[in-house]
Amino acid sequence: MGGPSGFHGALFMKGLMISNGLATLGAHAWQLRSGGIDLSWRLLTHQLVSATNSEFLFGLIVLYQFRLFERHYGSRKFVGRVVIVSLASTLLQIAAAPTLLPLLVRLGLRDWERSDSSYGGVSSGPYGAIFALLVPFFLDVPATGLFRLAGIPLSSKSFVYFLCAQLAFANSPHSALAALCGIAAGTAYHFNVAYVQALQIPAGAARKVERAIAPLLASPPPRLSSLATRQAQQAELHAQLQAERARVMPGAGAGAGGNLRGPYRRPGGDGGGARRREQHGFADTLVD
């Protein structure tokens, strides 16, 4: 899931994860050095600073899985999406905290009252981006690798859902509120409420920023595995044989699968063509 490993085609996500790591380490180091906690600045930086080690680790793993969206949407559209849903999530948290936080406590979520992990009802960490991207992950990414564990149906997506659940309850009720607001912002953006998708980063500014940071963050394309290389060579050989047969015997290669005989004939008629057409669909773009 997520396509090839690494960050090729996911320049912004790589920068976001590095920024999250550096900001979190810097904030915790400053707290230890100063001996006090004065975190009113988290209204501006809370999306980059994780409060605990578990939130930091789980958040990075989920963000790495979500790099597939930058590859699919393109960096410019993806950055615009993340910026908008993060701002919307923050505003929703501020507006809903006086009402929803007491309600979540009454529902049984423990109120940790940890001033080092939230400020003004806003939980620290990239909750807005993570839970907003969870919406297209749930709606658009097909489940693969279906299996059962103790009778419970699971898939390749279950691990991401488990980590998101851990994040949602890591610092309840503030983290639960952040998760709900992130999902609300992501749903509104996904269904283009109030034409919010029309808000985009200017193309000229996006190109300038990309040219500036690409030398620092760009990743090389993944190398084909030996199996993929052999499959590509076999496909090329098959195409060459089909073309040669069509040249020598016009019309012979027009049938299903080229009507080739011998070891290079593809069984199942048009099955090969159907598989090739399926590979260009949305599922192949998002799932390895």
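Heavy-atom basis, side chains included; hydrogens, waters and symmetry copies ignored.
Counting heavy-atom neighbours within 6.0 Å of N53 CG, excluding the residue itself, gives a total of 12 or less. The environment of OH in Y161 is crowded: more than 12 heavy-atom neighbours from other residues, nucleotides or ligands sit within 6.0 Å. The local environment of OH in Y195 is sparse, with at most 12 non-hydrogen atoms from other residues, nucleotides or ligands closer than 6.0 Å.
Judged by distance alone, the side chain of E55 and the main-chain N or O of L167 form no donor-acceptor pair under 3.5 Å. No donor-acceptor pair under 3.5 Å is formed between the side chain of K77 and the backbone N or O of I201. S158 places a side-chain N or O within 3.5 Å of a backbone atom of S155 that can act as its donor or acceptor partner. At least one donor-acceptor pair under 3.5 Å links the side chain of K14 to the backbone N or O of L217. Although no hydrogens or angles enter the test, the distance criterion places no donor-acceptor pair under 3.5 Å between the side chain of S86 and the main chain of G128. In this structure, the side chain of S19 engages the main chain of G15 through a donor-acceptor pair within 3.5 Å. Judged by distance alone, the side chain of S175 and the main-chain N or O of S172 form a donor-acceptor pair under 3.5 Å.
Side-chain contact of Y127 with Q93: a donor-acceptor pair under 3.5 Å is absent, judged by distance alone. The closest side-chain donor-acceptor pair between E210 and S75, if any, does not fall under 3.5 angstrom. Side-chain N/O atoms of S156 and T144 include a donor and acceptor closer than 3.5 Å.
Rounding to the nearest 0.5 angstrom, the gap separating the CE atom in M17 from the CG atom in L60 is 4.5 Å. The distance from the OG atom of S50 to the CG atom of N20 is 4.0 Å, given to the nearest 0.5 Å. Remark: L63 CG to L133 CG distance equals 8.0 Å, nearest 0.5 Å. Summarising the geometry, atom CD1 belonging to I130 is positioned 12.5 Å from atom CZ belonging to F137; distances are rounded to the nearest 0.5 Å. If you take CD on Q65 and SG on C164, they are separated by 10.0 Å, rounding to the nearest 0.5 Å. The CZ atom of F138 sits 11.0 Å away from the NE2 atom of H190 when rounded to the nearest 0.5 Å.
Ring pair F7/Y64 is perpendicular by interplanar angle, where above 60° counts as perpendicular and below 30° as parallel.
Residues L87 and F131 fall within the same hydrophobic cluster, defined by Ile, Leu, Val, Met, Phe, Trp and Tyr side chains chained together at heavy-atom separations under 4.5 Å. Tracing side-chain contacts under 4.5 Å through hydrophobic residues (I, L, V, M, F, W, Y), one never reaches L163 starting from L154; they form parts of separate clusters. Criterion: ILVMFWY side-chain heavy atoms under 4.5 Å apart, direct or through other members. Under it, L100 and F169 are part of a common hydrophobic cluster. A chain of hydrophobic side-chain contacts below 4.5 Å, direct or via other Ile, Leu, Val, Met, Phe, Trp or Tyr residues, connects V62 to L57. L25 and F56 sit in two unconnected hydrophobic clusters of ILVMFWY residues. Membership requires side-chain heavy atoms under 4.5 Å apart, directly or through other members.
At least one side-chain heavy atom of Y73 sits under 4.5 Å from a side-chain heavy atom of P136. Under the 4.5 Å side-chain criterion, counting only non-hydrogen atoms from C-beta, L16 is not in contact with P126. A heavy-atom distance below 4.5 Å is found between the side chains of L177 and L101. Between F69 and R81 the shortest side-chain heavy-atom distance does not fall below 4.5 Å. In this structure the side chain of V196 reaches within 4.5 angstrom of the side chain of I84, judged on heavy atoms. Contact annotation: the side chain of V82 approaches that of F12 to within less than 4.5 Å [non-hydrogen atoms, C-beta and beyond].
Nearest heavy atoms, V49 versus A27: CG1-CB, 3.7 Å.
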